[in-house]
> 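Have a look at this one before I ask anything.
Labels below follow one simple rule: chain letters A, B, ... track the order of the sequence lines, proteins then strands, and each chain is numbered from 1.
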There are 2 protein chains.
Amino acid sequence: MKPPSEIPHADSRQRLLDAATDVFMEEGYHASVDRIAAKAGVAKQTLYNHFPSKDVLFGEVARRCTASILVPLDGDVSDVRESLLRFGALFRVKLLGDEGLAAFRALIAEVGRFPALARAFYDNGPAQTARRLAEFLERAMQKGAVRRDDPMFAAQMLLGMLGGVERTGRLCGQPGLAAEAEAQRLAHIVDCFLLAFAPERIDR
Amino acid sequence: MKPPSEIPHADSRQRLLDAATDVFMEEGYHASVDRIAAKAGVAKQTLYNHFPSKDVLFGEVARRCTASILVPLDGDVSDVRESLLRFGALFRVKLLGDEGLAAFRALIAEVGRFPALARAFYDNGPAQTARRLAEFLERAMQKGAVRRDDPMFAAQMLLGMLGGVERTGRLCGQPGLAAEAEAQRLAHIVDCFLLAFAPERIDR
DNA sequence: TGTGGACTGGACTGTCCAGTCTAACAGGAG
DNA sequence: CTCCTGTTAGACTGGACAGTCCAGTCCACA
């Protein structure tokens with residue numbers, strides 16, 4: 001009945017977490033515990049051996065997702081445009097990709113039930129990303145590659161431009177962009193940002 | 001038992017819609033029909049006299065909310081900054097205000113159940129706003145007050161900057177800005193946008 | 001005075017689901 | 001061989017909830 005090639009007595013906890021991630025992302029918190037156990041190929045009791053309650057399981061899943069959304073940003077200020085393009089590409093994948101959207105939807109819907117979770121998600125995800133980007137931009141400002149302004153403000157503007165309206169659309173079920181349109185748009189956005197934050201001209 | 005000053009047999013339908021709006025926005029689709037009826041001060045059967053099912057009621061509420069989020073934008077291109085400030089202030093209220101956020105959360109969580117609703121919300125809300133703003137910017141471009149670029153792209157950038165990260169934060173339960181900080185931030189954003197889309201300098 | 005339509009309170013059905021309980025099974029350690 | 005631990009299938013409890021049904025009330029209108 002079980003897939004035969006499956007290692008018997010494999011780490012149920014891990015399988016449960018994986019299954020729960022899938023199911024919660026797909027159906028939100030209201031996914032049933034039975035379905036999660038079934039998807040993990042595990043008895044319901046086993047689930048309750050590992051996690052005291054559905055809420056705790058949901059929390060674990062949320063923590064895992066939160067940990068996975070951070071976007072790396074190399075500190076290299078020598079070519080700001082290039083660095084921002086690399087960063088932006090990854091950021092947009094996290095932000096506008098199906099998994100990211102599903103996770104966000106699932107979490108957002110339960111802000112009332114799990115306010116602490118939502119706060120943690122925001123602090124360790126978007127807010128953390130904004131802080132890192134702000135640091136990067138501050139260095140770029142010090143180097144004169146970017147006009148001086150509040151670095152956090154600048155970071156928020158870039159993040160808004162990168163995500164903004166498209167995110168709303170995707171959350172409402174609109175389809176995403178094709179690969180080449182995506183690259184074009186990313187470049188367009190970054191250039192637009194760099195224009196807004198171009199260093200003041202000395203007026204030759 | 002009922003509030004005595006209440007007009008008897010008042011329009012139950014209206015009271016139901018109002019109550020349902022409140023309750024759905026507060027608890028999402030999973031709010032119970034009983035609670036809605038109770039909040040409307042009406043028997044459950046009365047609710048089912050007016051709406052054939054909970055889904056239909058939810059749909060009506062969503063349509064009402066969708067209709068209320070459009071932001072007016074006067075066509076006056078003579079002072080672009082002033083117009084954008086007015087527009088931005090209203091937009092931010094809709095986007096970052098408690099009601100707007102609650103409505104968005106409730107809808108987003110049910111994209112899977114009501115894909116058509118979500119699509120309609122997006123088309124008549126954010127997308128429509130972007131179209132109008134794009135028209136406005138196009139006129140400003142023709143007049144030379146704004147650098148030429150794809151007007152829809154420009155509109156999306158401004159909307160992203162106006163909403164962007166803060167919206168995510170608010171959706172995660174972060175508090176909003178105080179009134180004066182709000183005004184400052186709005187001006188900062190609009191000026192930043194105008195810098196990105198300043199007409200090309202002739203270099204005197 | 002009587003009739004009809006809308007409303008009320010509350011009981012009721014069927015469904016779904018979190019969480020518990022039980023009895024049985026498998027494998028490793030002593 | 002026997003305990004022990006983790007597992008399994010499935011029955012079960014208690015509660016929530018959508019939607020139905022009904023018996024009775026209130027009111028407008030004729």
Side-chain angles (χ1 to χ4, degrees), chain A residues 1-62 106-107 109-110 112-114 117, chain B residues 1-62 106-107 109-110 112-114 117:
Chain A
M1 183 152 295
K2 299 274 90 76
S5 66
E6 210 64 58
I7 304 144
H9 292 185
D11 190 359
S12 310
R13 186 187 169 87
Q14 202 52 49
R15 305 222 322 251
L16 276 164
L17 276 173
D18 292 343
T21 305
D22 283 2
V23 177
F24 276 140
M25 292 311 110
E26 198 173 307
E27 309 180 31
Y29 175 79
H30 287 87
S32 87
V33 170
D34 297 73
R35 198 191 300 275
I36 294 171
K39 178 137 191 174
V42 133
K44 180 155 64 157
Q45 185 57 51
T46 304
L47 186 154
Y48 280 100
N49 287 345
H50 289 289
F51 305 94
S53 73
K54 183 187 182 182
D55 286 15
V56 170
L57 176 57
F58 186 76
E60 293 277 337
V61 169
L107 242 173
E110 305 303 331
R113 203 186 307 253
F114 303 103
L117 260 183
Chain B
M1 183 150 295
K2 298 273 90 72
S5 67
E6 210 63 57
I7 304 145
H9 292 185
D11 190 1
S12 310
R13 186 186 168 87
Q14 201 52 47
R15 303 216 332 241
L16 276 165
L17 277 173
D18 292 343
T21 304
D22 284 2
V23 177
F24 277 139
M25 292 311 110
E26 197 173 308
E27 309 180 30
Y29 175 79
H30 287 87
S32 87
V33 170
D34 297 72
R35 199 191 302 275
I36 294 170
K39 178 137 190 176
V42 135
K44 181 154 63 155
Q45 185 55 53
T46 303
L47 186 155
Y48 281 99
N49 287 344
H50 288 289
F51 306 94
S53 74
K54 184 187 182 182
D55 286 14
V56 170
L57 177 56
F58 185 77
E60 294 277 336
V61 168
L107 242 174
E110 305 302 331
R113 202 186 306 255
F114 304 102
L117 260 183

> Please give, in whole Å, the distance from D:dC21 C1' to B:L47 CG?
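Value for this atom pair: 16 Å.
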> B:D11 has an atom CG; how far is it from atom P of C:dA6, in whole Å?
12 Å
> Rounded to whole Å, please give me the gap between CZ in B:R13 and P in C:dA6.
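Computing the B:R13:CZ to C:dA6:P distance gives 13 Å.
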> Please collect all salt bridge (charged side-chain N to carboxylate O under 4.0 Å, His left out) contacts where either partner lies in residues 49-58 of chain A, sequence neighbours excluded, each pair once.
none
> Which heavy atom of B:G28 sits nearest a heavy atom of B:A106, and at what distance?
CA-CB, 4.2 Å
> Treat primed atoms plus P, OP1 and OP2 as sugar-phosphate and everything else as base, then score nucleotides 17-24 of chain C 5' to 3': B for base contact with protein heavy atoms under 4.0 Å, S for sugar-phosphate contact only, - for none.
SBBBB---
> Can you tell me if the side-chain N/O atoms of A:T46 get under 4.0 Å from OP1 or OP2 in D:dT8?
yes
> Mind calculating the distance between CD (A:Q14) and C1' (D:dT7) to the nearest angstrom?
18 Å
> Please give, in whole Å, the distance from D:dC17 P to B:F58 CZ?
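Going from B:F58 (CZ) to D:dC17 (P), I get 16 Å.
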> How many Å lie between CZ on A:R113 and P on D:dA16, as a whole number?
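After rounding, the reported distance stands at 13 Å.
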> Name each donor-acceptor pair under 3.5 Å that joins a side chain in residues 37-52 of chain B to protein atoms two or more places apart or in another chain, with its distance.
| from | atom 1 | to | atom 2 | distance (Å) |
| --- | --- | --- | --- | --- |
| B:Q45 | NE2 | B:N49 | OD1 | 3.3 |

> Can you name the ring-ring contact (aromatic ring centres under 6.0 Å, His included) partners of B:F24, sequence neighbours left out?
B:F58
> If only side-chain N and O atoms of A:H50 are considered, is one of them under 4.0 Å from the OP1 or OP2 phosphate oxygen of D:dG6?
no
> The criterion is side-chain contact (heavy atoms from CB on, under 4.5 Å); which residues satisfy it with A:E26, sequence neighbours excluded?
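Residues passing side-chain contact (heavy atoms from CB on, under 4.5 Å) with A:E26: none at all.
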> Apply side-chain hydrogen bond (donor to acceptor under 3.5 Å, both in side chains) to B:Q14 and list each qualifying residue two or more places apart in sequence or on a separate chain.
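With neighbours one apart ignored, the set is empty.
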> OP1, OP2 of D:dG6 versus side-chain N and O of A:S12: anything below 4.0 Å?
no
